[in-house]
Undergrad: 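Below is one structure. I have some questions about it.
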Amino acid sequence: MAKRIDVKDLNIYYGKFHAVDGVTLSVPPRSVTAFIGPSGCGKSTVLRSLNRMHEVIPGARVEGDVLLDGQNIYASAVDPVQVRRTIGMVFQRPNPFPTMSIRDNVVAGLKLAGVRNKSQLDEVAERALRGANLWNEVKDRLNRPGGGLSGGQQQRLCIARAIAVRPDVLLMDEPCSALDPISTLAIEDLITELKKDYTIVIVTHNMQQAARVSDQTAFFNLAGVGQPGRLVEIDDTEKIFSNPTQKATEDYISGRFG
Amino acid sequence: MTTATLDVNQPATPPAFQHLSTGRRVKNGIATALVWLAFLVAVIPLVWVLVSVLARGAHMVANADWWQQSLGGLLGDDVGGGVYHAIYGSLVQSLMCAVIAVPIGLLVAIYLVEYGRGRLAKATTFMVDILSGVPSIVAALFIYAMWITTLGFNRSGFAVSLALVLLMLPVVVRSSEDMLRLVPDELREASYALGIPKWKTIVKIVIPTALSGILTGIMLALARVMGETAPVLVLVGYSGYINYDLFSGEMASLPLLMNSERVSNPSPIGTDRIWGAALTLVIIIALFNLAATLLSRLVAPKKK
């Protein structure tokens with residue numbers, strides 16, 4: 001199930017703007033990697049390029065390789081739709097589909113891929129909702145609209161929706177930034193649990209969160225406004241937060257930055 | 001004694017909050033009066049039209065025959081008969097128009113919102129803008145020149161539908177485009193991230209989310225073209241008899257009936273028929289608007 005990701009010399013552009021410069025990193029399977037860094041440093045851009053969501057934006061393009069268990073997802077023969085089916089994503093703001101019930105939201109990925117079998121869909125919905133720690137809260141109202149849930153529940157619904165299609169990798173773009181501390185804790189516990197089955201990459205602005213949930217941490221920075229973002233260093237989370245190699249990392253983590 | 005103490009306790013500076021100045025109160029009064037005046041100017045003609053149509057048409061509409069019979073075989077000063085033939089014509093012509101205009105308009109809107117980049121999209125938007133400014137008589141004469149003079153077909157209800165398409169299309173494109181643009185990109189991204197292809201995202205996620213607004217726009221456009229007069233005057237003949245065939249022969253519609261009675265029937269009965277037909281048209285359009293509201297509420301995304 002879980003697969004490893006190797007990024008080799010990745011350059012990302014928005015039109016003529018060079019957004020990210022020469023990123024090389026590896027994410028081992030069944031682990032959590034956190035991307036931290038100041039706003040505009042390109043960490044979300046790198047995350048979005050890991051499942052080819054980046055190219056949804058007009059004018060955006062990528063140079064370099066992203067290997068999923070050795071296969072380049074940017075090879076010309078690869079279908080981006082299949083890449084996204086294999087590498088799921090959870091976004092900053094919870095975005096359940098407003099026209100669908102809770103159950104239909106969870107199974108949307110399968111249903112729209114052509115799965116019709118009702119008992120199979122029910123089974124998947126329950127498994128995914130249990131996996132996202134939401135089952136007990138919503139099992140009595142599966143046919144109610146997903147928009148009626150609280151923000152934290154909606155975000156867990158989105159995680160359930162992402163894991164329902166059984167991806168190999170789960171990308172999370174600041175999944176807790178719109179949530180209160182209790183919902184954040186619920187999501188963090190969930191991330192630790194999901195680590196058993198998935199390779200997880202999470203972008204976060206919250207350094208305590210990175211320290212709590214991740215196995216390795218990548219620090220991104222940019223030299224100045226208009227300059228491309230780049231990867232400063234990536235290492236075990238413990239090492240990054242106790243004894244980083246780079247001065248810039250230490251400054252950022254200790255709050256001396258900017 | 002007490003006043004003296006108070007004076008001592010008062011701070012030397014004036015209080016920070018003072019009462020409303022006279023200048024601002026006057027300005028506020030003038031602005032309020034202007035807003036009310038504008039409201040009245042807008043509402044008076046509307047109420048006036050409604051009241052006079054109701055007052056003079058109600059006794060015609062209240063008769064069951066009015067909805068079930070045509071004016072076939074009746075002379076200008078014969079009491080009785082109905083406008084069943086004209087209601088049928090109006091509905092069928094505008095529904096045929098919708099059958100053609102709605103799919104095209106919706107597809108154009110989807111192109112503009114989801115795919116259109118660069119010159120072609122800009123040109124399309126420009127053309128739609130131009131089309132929405134075309135007067136109905138020009139649309140009617142264009143269809144006359146193309147469909148009847150050039151292609152050699154006869155005048156018919158269908159020719160009317162074609163002219164109405166030209167009038168309805170830009171309204172459908174515009175309203176659908178606005179509604180599709182209101183769908184947040186986050187939903188599209190959520191769908192792509194599940195490995196759902198773009199076309200399926202549009203069909204299953206974007207359109208259902210915007211459907212309520214799209215339907216309202218379509219119904220309002222339909223109600224609007226139903227009252228169009230120029231196309232029916234130019235493109236089809238009037239008949240007091242019912243004609244079920246949209247593609248050939250003379251076919252009545254409510255605006256055409258009103259005009260025909262006005263031109264050819266000077267008797268008081270003719271005047272009654274005109275007011276009755278006017279009220280009938282108002283009622284049908286009101287029903288369409290009501291249906292639009294109910295329908296859009298039915299398909300709108302629900303919270304609870």
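Below, chain A is the first sequence line, B the second, and so on; all start at residue 1. Nothing here was measured: the structure is a model prediction, and the numbers come from that model.
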Undergrad: Which atom names give the shortest non-hydrogen contact between A:G109 and B:I196, and what distance separates them?
TA: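 Looking at all heavy atoms of both residues, the closest pair is CA-CD1, 4.3 Å.
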
Undergrad: Within the supplied structure, the quantity of interest is the number of heavy atoms (other residues, nucleotides, ligands) at a distance under 6.0 Å from B:M146 CE; does it exceed 12?
TA: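 Counting neighbours around CE of B:M146, more than 12 heavy atoms of other residues, nucleotides or ligands fall under 6.0 Å, so yes.
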
Undergrad: When you look at CZ of B:R181, are more than 12 heavy atoms from neighbouring residues, nucleotides or ligands closer to it than 6.0 Å?
TA: yes

Undergrad: For the residue pair A:R85 and B:P197, what are the closest heavy atoms and their distance?
TA: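 Closest approach of A:R85 to B:P197, heavy atoms only: NH2-CD, 4.3 Å.
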
Undergrad: List in chain and number order the residues that pass salt bridge (Lys or Arg N to Asp or Glu O under 4.0 Å) with A:R93, two or more places apart in sequence or in another chain; answer none if no residue qualifies.
TA: B:E186

Undergrad: Distance from A:F97 atom CZ to B:T201 atom OG1, nearest 0.5 Å?
TA: 7.5 Å

Undergrad: Give me the atom names and distance for the closest heavy-atom approach of B:P301 to A:T99.
TA: CG-CG2, 4.1 Å

Undergrad: Counting N and O atoms only, with roles assigned by atom type, does the side chain of B:K200 sit under 3.5 Å from a partner on the main chain of A:L112, one being a donor and the other an acceptor?
TA: yes

Undergrad: Among A:K111, A:R161, A:R52, who wins on heavy-atom pairs under 4.5 Å with chain B?
TA: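 Winner by heavy-atom pair count: A:R161.
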
Undergrad: Using heavy-atom distances under 4.5 Å, tell me whether A:I87 contacts chain B through its side chain, its backbone, both, or neither.
TA: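 For A:I87, the backbone is the part near chain B, not the side chain.
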
Undergrad: Closest heavy-atom contact between B:A190 and A:F91?
TA: CA-CE1, 3.7 Å

Undergrad: Look up atom CZ in B:R188 and atom CG in A:N95, then write down how far apart they are to the nearest 0.5 Å.
TA: 12.5 Å

Undergrad: Give a yes or no on whether A:Q71 atom CD has more than 12 heavy-atom contacts from other residues, nucleotides or ligands under 6.0 Å away.
TA: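 Not buried by this count: 12 neighbours or fewer within 6.0 Å.
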
Undergrad: Give, for atom CE of A:M100 and atom CD1 of B:I205, the distance between the pair rounded to the nearest 0.5 Å.
TA: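 Output value for this atom pair is 3.5 Å.
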
Undergrad: On a heavy-atom basis, which atom in A:P96 and which in B:L187 lie closest, and how many Å separate them?
TA: O-CD2, 3.5 Å

Undergrad: Of the non-hydrogen atoms in A:V81 and B:G195, which two are nearest, and what is the gap between them?
TA: CG1-O, 3.3 Å

Undergrad: What's the spacing between A:M89 CE and B:L194 CG if we round to 0.5 Å?
TA: 12.0 Å

